[in-house]
Peer 1: 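Structure provided below as structure tokens; questions to follow.
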Amino acid sequence: MDFKSEFKRKIEDFEKIIDRYIPSEEEYPNIIFKAMRYSVFAGGKRIRPILLMSACELFGGDLKKAEPFASAIEMIHTYSLIHDDLPAMDNDDYRRGRLTSHKVFGEDIAILTGDALLHHSMETMANACLEFRGVESIKAMQIISNSSGVYGMLSGQVVDIVSEGKEIDGKTLEYIHRNKTSALISASLKAGASIGGASDKDIEIMGEIGEKIGIAFQIQDDILDVTSTTEILGKPVGSDEKNNKVTYVSMYGLEKSKRDVERLSNEAISMLEVFGEKSEFLLELTKYLIKRSN
Ligand code: GRG
């Protein structure tokens, strides 16, 4: 398989899909739809929706049923980036190679844009549940809403914020990574598996694979924050240091961080191999995520 062209094709396909789920800028009040579209269509690697659709494919599911959930998870991810960049949080000026939402639309509209994307994601999933009826869709919605809220991403962000400028231990750092980053990545694989008709046991296994990929992804993000450039990342480097945040690299050093990314990714790959040839794309994606430069 030519992974690069397959990945590029999946990104292009997904962008056409999500375009159908976000209202047009022509709708009133135009500014909110314009701001939603500005951040959603600013680029981004589309990892979470592609993980979700690939997991659905792995279990032989109907991709049409996965589309609204893949779009919803990208809306949630984009909302979290908009809010994370706000002056009250990380106060960053660039994201995905563009000025951040609050820099373009003002802080008030940026807050509302994050809220709008979150609400719209829930409406998109609820509509899909009504259309498809099956318990697989309801379960996917439950997985995604659970992992993005107080039992996942949101609480990871809370502990991250209250830990700023403080000495934290390894357990707290792990809590932050597991919830802030890994929860949504793991949910992508679980929700995709559910829509694909996987058994409860396989959904659990996909969740464990997602946790490993998610933690490795965050450690790689911490590595890139000190080794990459703003041009390549499309967001400021050194942002963690600026915000007095303890990262995997500042706690364990660069060498151990690189080793752990490799170890976790290899563990995820071994678990994926059990599914045979069908998991080839997910396997290649996992390898790409550890070698990524942005
Ligand atoms: C505001 C509730 C709330 C949560 C914010 C996800 C998050 C929590 C903040 C984003 C900042 C950050 C660095 C989070 C760690 C996860 C991470 C590496 C996000 C970036 O994801 P990518 O690399 O981004 O997939 P693109 O732009 O490619 O989609």
Side-chain angles (χ1 to χ4, degrees), residues 7 10-11 14-15 18 38-52 70-71 73-92 94-98 100-102 110-115 117-119 121 145-164 173 175-188 210-211 213-226 228 230 232-243 245-249 261 285 288-294:
F7 187 35
K10 281 182 192 283
I11 292 176
F14 172 69
E15 286 180 352
I18 193 169
Y38 173 83
S39 290
V40 169
F41 295 106
K45 297 179 285 300
R46 316 301 192 190
I47 302 297
R48 296 154 191 81
I50 290 176
L51 284 171
L52 189 149
S71 302
I73 213 155
E74 186 67 12
M75 288 179 215
I76 294 172
H77 169 59
T78 308
Y79 120 72
S80 80
L81 299 180
I82 294 172
H83 280 191
D84 189 63
D85 290 333
L86 286 168
M89 297 216 203
D90 278 4
N91 194 19
D92 280 322
Y94 287 92
R95 170 71 69 178
R96 293 177 159 173
R98 283 185 174 186
T100 42
S101 183
H102 62 272
I111 293 170
L112 291 167
T113 305
D115 296 342
L117 284 167
L118 176 58
H119 285 292
S121 74
S145 48
N146 170 273
S147 67
S148 52
V150 285
Y151 299 112
M153 182 180 80
L154 190 133
S155 287
Q157 178 79 345
V158 168
V159 178
D160 193 21
I161 296 279
V162 299
S163 302
E164 265 175 34
L173 187 66
Y175 179 92
I176 294 171
H177 287 180
R178 201 166 282 286
N179 288 280
K180 183 172 120 168
T181 311
S182 196
L184 211 55
I185 290 180
S186 180
S188 306
E211 279 190 19
I213 296 176
I215 302 279
F217 185 82
Q218 178 60 59
I219 302 174
Q220 183 66 11
D221 202 66
D222 290 355
I223 292 173
L224 292 174
D225 194 52
V226 291
S228 191
T230 301
I232 294 174
L233 286 187
K235 62 179 183 179
V237 287
S239 157
D240 297 321
E241 200 185 339
K242 179 194 92 182
N243 290 307
K245 282 189 187 175
V246 175
T247 69
Y248 206 82
V249 176
V261 171
L285 182 59
Y288 155 81
L289 290 177
I290 54 166
K291 297 210 175 79
R292 75 197 162 96
S293 55
N294 70 345

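Read the numbers this way: they start at 1 and go in the same order the structure lists the ligands and their atoms.
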Peer 1: Rounded at 0.5 Å granularity, tell me how far OG1 in Thr247 sits from CG in Leu173.
Peer 2: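 Between Thr247 OG1 and Leu173 CG, I get 7.5 Å after rounding to 0.5 Å.
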
Peer 1: What's the separation between atom CD1 in Ile185 and atom CG in Leu289, rounded to the nearest 0.5 Å?
Peer 2: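 Between atom CD1 of Ile185 and atom CG of Leu289 there are 7.5 Å.
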
Peer 1: With respect to Asp240, which candidate in Asp90, Asp225, Asp221 satisfies the side-chain contact (heavy atoms from CB on, under 4.5 Å) definition?
Peer 2: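 That would be Asp225.
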
Peer 1: I'd like to know if the side chain of Asp85 reaches the main chain of Arg95, judged simply by a donor and an acceptor atom lying under 3.5 Å from each other, with no hydrogens or angles considered.
Peer 2: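 No, the answer is negative, given that no donor and acceptor are paired below the 3.5 Å cut-off.
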
Peer 1: What's the spacing between Tyr38 OH and Arg96 CZ if we round to 0.5 Å?
Peer 2: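 Reported value, rounded in 0.5 Å steps: 11.5 Å.
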
Peer 1: Check ring-ring contact (aromatic ring centres under 6.0 Å, His included) between His77 and all other residues, then give those that pass, not counting sequence neighbours.
Peer 2: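 If we apply the ring-ring contact (aromatic ring centres under 6.0 Å, His included) test to His77, skipping adjacent residues, there are no hits.
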
Peer 1: Would you tabulate the polar-atom pairs, meaning N/O of ligand 1 against N/O of the protein, with distances under 3.5 Å, reported to 0.1 Å?
Peer 2:
unit_1: ligand 1; atom_1: 21 (O); unit_2: Arg48; atom_2: NH2; d: 3.1
unit_1: ligand 1; atom_1: 23 (O); unit_2: Lys45; atom_2: NZ; d: 2.6
unit_1: ligand 1; atom_1: 24 (O); unit_2: His77; atom_2: NE2; d: 3.4
unit_1: ligand 1; atom_1: 25 (O); unit_2: Arg48; atom_2: NH1; d: 2.8
unit_1: ligand 1; atom_1: 25 (O); unit_2: Arg48; atom_2: NH2; d: 3.4
unit_1: ligand 1; atom_1: 27 (O); unit_2: Arg96; atom_2: NE; d: 2.8
unit_1: ligand 1; atom_1: 28 (O); unit_2: Lys45; atom_2: N; d: 2.9
unit_1: ligand 1; atom_1: 28 (O); unit_2: Lys45; atom_2: NZ; d: 2.7
unit_1: ligand 1; atom_1: 29 (O); unit_2: His77; atom_2: NE2; d: 2.8
unit_1: ligand 1; atom_1: 29 (O); unit_2: Arg96; atom_2: NH2; d: 2.7

